[in-house]
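Below: the structure, in C-alpha cells.
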Amino acid sequence: MRADILRTYKSVHTWTGIVSGMALFIAFYAGALTVFKEPLERWASPPQQQAALPLEQAQALIVRTLQAEPAAARDFTLHLHDAENLPGRLSWQVRAPGADDHDARHVRHFVATLDAEGRAQVQPAAPTQLGDFIDVLHRVVGLPVDNDPNRWLMGVVSALYALALVSGVVVLLPSLVKDFFALRVGRNLKRLWLDAHNVVGIVSLPFHLVMALTAVVFAFHDGIYALQDRLLHEGRLAGAFQRPAASAGAAPRDPATMRAPAELLAAVRAIAPSFEPTAMQYLQPTGPRAAVRVWGQDESAVAPRARGGFVVVDPYSARIVNRDSLPGQQSAANTVISSFFALHMASFAGDPVKWLYFVLGLAGAWLFYSGNLLWIESRRKRGAEPPRRTRWMAAATIGVCLGSVCGISATIAAAKWLPGLVADVAAGHRALYYAVFFTAIGWAFWRGSARGSVQLLWVAVVLTAAIPASSLLGVLAPGLGPWPTASAAALGVDLTAAVGALLLAWMARATARRVRHGPAPSVWAAPAADAAAPAGALSGTER
C-alpha cells in the first residue's frame with residue numbers, strides 16, 4: 001500500500017480517536033457495568049421487609065387495586081419473581097405530563113398489596129436509581145440527561161468511532177500478522193504500550209464494530225423505526241410497541257372478568273415452552289383494546305430488548321395477539337432488527353456472554369485511554385519541555401477518564417446510604433457523580449497530569465473499595481444505614497469491586513514508579529522539585 005495513503009489513514013485514525021476517545025471511555029466503562037444492571041440494582045436495594053403476595057392471589061390483587069386506583073389501569077406490571085430490586089408484586093409508574101420517556105426524573109412509582117382483610121393497600125415506592133443512572137451515562141457518553149440531542153451526539157461520536165476503527169485496520173494491514181503476535185516486553189515501555197494497544201484492538205475488533213454500528217442505530221432509532229414500520233409492517237408496528245388507545249365513548253370493561261395470570265401464562269407456554277416469563281405488563285385492561293405483554297427470557301434465541309422479549313396476550317380470552325417480539329418466533333426482518341439490540345446489550349446466551357461483554361467493555365475503555373496516552377507521548381521530544389496543548393490534553397485525559405471511574409465508584413458506594421440522606425435519590429446520584437467527576441478534572445489540571453493521575457488512581461482505589469466496605473458495614477453495624485449483600489448476584493458486585501480496587505492499586509503503584517524513574521522533561525514525569533515524591537501518571541511509556 002502506498003505510503004501517502006497509509007499516512008492519510010493514520011491521521012484519520014489518530015484524530016477521530018482523539019476527538020471521541022474520552023467520551024467513548026465513559027461509554028465503555030459505564031456500559032461494562034450496565035451489562036450487570038440487575039445485580040447492581042439488587043445490591044443497592046434493601047431486603048424486602050415482607051414476603052411478596054403469592055401469585056395465586058394475583059388476580060384478586062389486580063381487581064382490587066384497579067378499584068382503589070383507577071389511574072393504575074393505564075399501565076401496570078405484575079412481577080412473577082421476587083428480588084430486592086422489585087418493589088412488590090404489582091407496581092406502576094405515573095409520569096409527569098410532557099416528560100421525556102427516557103427521563104426518570106419526573107416519574108413517581110407505586111406498589112400495591114393486599115392487607116389482612118383482602119383490601120388493596122397502595123403505597124409510594126422508591127426503587128433504586130443506580131442502574132438507570134449508570135445506563136444513562138453509558139447511553140449519552142457521560143451527559144446527565146438521556147434526551148434526543150444527547151443521543152444524537154452519541155450517534156456522531158459513534159460514527160467517528162467507526163471511522164477510527166476502519167482507518168486503524170487499514171494502517172495495520174501491511175503488518176497485521178507481525179503486529180498481532182508482537183508484545184515486546186522490555187525497557188521501552190512506549191513500544192510495549194503500543195503493542196498492547198494494537199493487540200487489544202485487533203482481538204476485540206468484531207466487538208467494537210458491533211458496538212459502533214449498533215450505537216449509531218440506537219442514536220437515530222426513531223427514524224429507523226418509522227422506516228421499518230412503513231416498509232416492513234405496513235403501519236402496524238404501533239400495535240406491538242405503543243399502548244393501545246381506548247375508543248371514544250366505550251364502556252369500561254370489568255377487570256374481574258379477566259383470565260387469571262396463570263391461564264395467560266399457560267397460553268404462552270403452549271406456544272413457547274423454552275420461554276421463561278418474568279413479568280406481565282397490563283396495558284389499559286379496562287379498555288376495549290386491553291393487552292398484556294408477557295415479558296421473559298429465552299437464552300436459546302435472540303431477544304429484542306435487554307430485559308428479554310415479550311408476547312402480547314388478550315387478558316379476557318387468553319388469545320395470543322402478537323408474537324413479533326417473542327424470542328425465537330420473530331420474522332426474519334424482526335430478527336435482524338432485534339439482533340442490533342441483542343448484540344449491543346448481550347441479551348443472548350446467558351451469563352457467559354455477559355461476562356465476555358463485561359471484560360471486552362473494560363478492555364475497550366483501556367483502548368481509548370491508552371490511545372490518548374500514546375498520542376500524547378508521541379509529541380514528546382527528548383530534552384524539550386512539552387508544549388501547553390500537550391499538557392492540557394494529558395490533564396484532560398487523566399481528569400475525564402479517571403474522574404469517571406472515581407465518580408461511578410462513588411455513586412455505587414453511596415447507593416445504600418442515599419435513601420436515608422436525600423429525598424430525591426436520583427438527584428443524589430447525579431450530584432455525587434458530577435461533583436466527583438468535575439473535581440477530578442479540576443484536580444488534574446491544577447496538579448498536572450503526572451502528580452494528578454497517581455493521586456486520582458489512589459482515590460479510585462479508595463472509592464472502589466468502599467463498595468464492598470458498605471456491605472461489610474451493613475453486617476457489622478446494621479443500624480448505621482447500609483444493608484448487607486443478600487443474594488449471590490449482589491455478592492458478585494462486592495467481589496468484582498474488590499478485585500477492581502486491587503487492580504487500580506497495582507496501576508497506581510506502577511504509575512508512581514514511572515513518575516519517579518521515567519525520562520524528563522515529560523508530562524508523565526514529576527517536576528524536578530518533586531523528584532523524590534511518588535507522584536506521576538499512568539503511562540509507563542519510555543523511549
Side-chain angles (χ1 to χ4, degrees), residues 26 29-30 32-34 36-50 83-88 104-105 107-109 111 123-138 142 144 402-440 443 456-502 504-505:
I26 298 175
Y29 188 80
L33 301 180
T34 303
F36 292 110
K37 181 178 179 180
E38 182 183 357
L40 274 172
E41 291 180 337
R42 295 188 68 176
W43 180 90
S45 300
Q48 294 184 348
Q49 299 301 312
Q50 57 184 8
E84 298 92 338
N85 60 310
L86 299 178
R105 294 178 299 173
V107 177
R108 292 183 298 160
H109 299 263
V111 64
Q123 298 176 338
T128 177
Q129 303 293 318
L130 177 62
D132 287 338
F133 175 72
I134 296 176
D135 196 15
V136 168
L137 291 178
H138 157 64
L402 297 185
S404 66
V405 173
C406 292
I408 289 176
S409 291
T411 201
I412 294 175
K416 295 182 178 183
W417 299 84
L418 285 176
L421 298 175
V422 298
D424 188 340
V425 175
H429 279 297
R430 287 194 301 274
L432 179 58
Y433 171 82
Y434 287 107
V436 173
F437 178 71
F438 287 115
T439 299
W443 188 266
L456 289 177
L457 276 168
W458 282 115
V459 171
V461 170
V462 172
L463 292 175
T464 305
I467 297 172
S470 287
S471 295
L472 181 61
L473 189 60
V475 174
L476 300 178
L480 288 180
W483 43 85
T485 296
S487 65
L491 179 62
V493 174
D494 287 327
L495 295 177
T496 303
V499 172
L502 292 175
L504 287 168

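Position 1 is the first residue of the sequence, and the numbers go up from there.
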- Query: Between I467 and T496, is a side-chain contact (heavy atoms from CB on, under 4.5 Å) present by the stated rule, with each step listed?
  - Reply: CA-CA 10 Å; I467 297 172; T496 303; over 6 Å; no
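- Rounding to the nearest 0.5 Å places CG of L491 at 11.5 Å from CZ of R42.
- Rounding to the nearest 0.5 Å gives a distance of 10.5 Å between CG of L463 and CD1 of I412.
- Going from atom NZ of K416 over to atom OG of S470 covers 6.5 Å, rounded to the nearest 0.5 Å.
- For the side-chain hydrogen bond (donor to acceptor under 3.5 Å, both in side chains) test, no residue two or more places apart in sequence or in another chain qualifies with T34.
- In terms of heavy-atom proximity, A489 sits nearest to P39 at O-CB, 3.6 Å.
- Remark: H429 engages no residue in a ring-ring contact (aromatic ring centres under 6.0 Å, His included) (not counting sequence neighbours).
- Legend: residues meeting salt bridge (Lys or Arg N to Asp or Glu O under 4.0 Å) with D494, ordered by chain and number and at least two apart, are absent.
- The two atoms that bring W483 and A44 nearest to each other are CZ2-O, 2.9 Å, heavy atoms only.
- Heavy atoms only, all atoms of each residue included: S404 and I26 are closest at CB-CG1, 3.8 Å.
- The side-chain hydrogen bond (donor to acceptor under 3.5 Å, both in side chains) search around W443 returns Q455, not counting sequence neighbours.
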- Item | Test side-chain contact (heavy atoms from CB on, under 4.5 Å) applied to V459 and V436, step by step | CA-CA 10 Å; V459 171; V436 173; 5.8 Å; no
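- T411 OG1 to L130 CG: the interatomic distance, rounded to the nearest 0.5 Å, is 6.0 Å.
- Taking the side-chain hydrogen bond (donor to acceptor under 3.5 Å, both in side chains) definition, one finds that S409 meets it with T464, sequence neighbours left out.
- Of all non-hydrogen atoms in G474 and P484, the two that sit nearest each other are O-CD, 3.7 Å.
- I134 contributes atom CD1, which lies 9.0 Å from atom CD of E41 (distance to the nearest 0.5 angstrom).
- Contact detail for A497 and P468: the closest heavy-atom pair is CB-CD, 3.8 Å.
- Side-chain contact annotation: W43 with T128, donor-acceptor N/O pair under 3.5 Å absent.
- In this structure, L40 CG and N85 CG are separated by 10.5 Å, a value rounded to the nearest 0.5 Å.
- Applying the side-chain hydrogen bond (donor to acceptor under 3.5 Å, both in side chains) test to S45 and every residue at least two apart in sequence or in another chain returns nothing.
- A heavy-atom distance below 4.5 Å is not found between the side chains of L432 and W417.
- Between D132 and K37, the closest side-chain pair of non-hydrogen atoms falls below 4.5 Å.
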- Item | Criterion side-chain contact (heavy atoms from CB on, under 4.5 Å) on F36 and V493, from CA distance to verdict | CA-CA 9 Å; F36 292 110; V493 174; over 6 Å; no
- Task: Report the C-alpha distance between F437 and C406 in whole Å, list the side-chain angles of each, state the deciding distance to 0.1 Å, and finish with yes or no for side-chain contact (heavy atoms from CB on, under 4.5 Å).
- Result: CA-CA 7 Å; F437 178 71; C406 292; over 6 Å; no
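- Taking every heavy atom of both residues into account, V405 and A460 meet most closely at CG1-CB, 4.1 Å.
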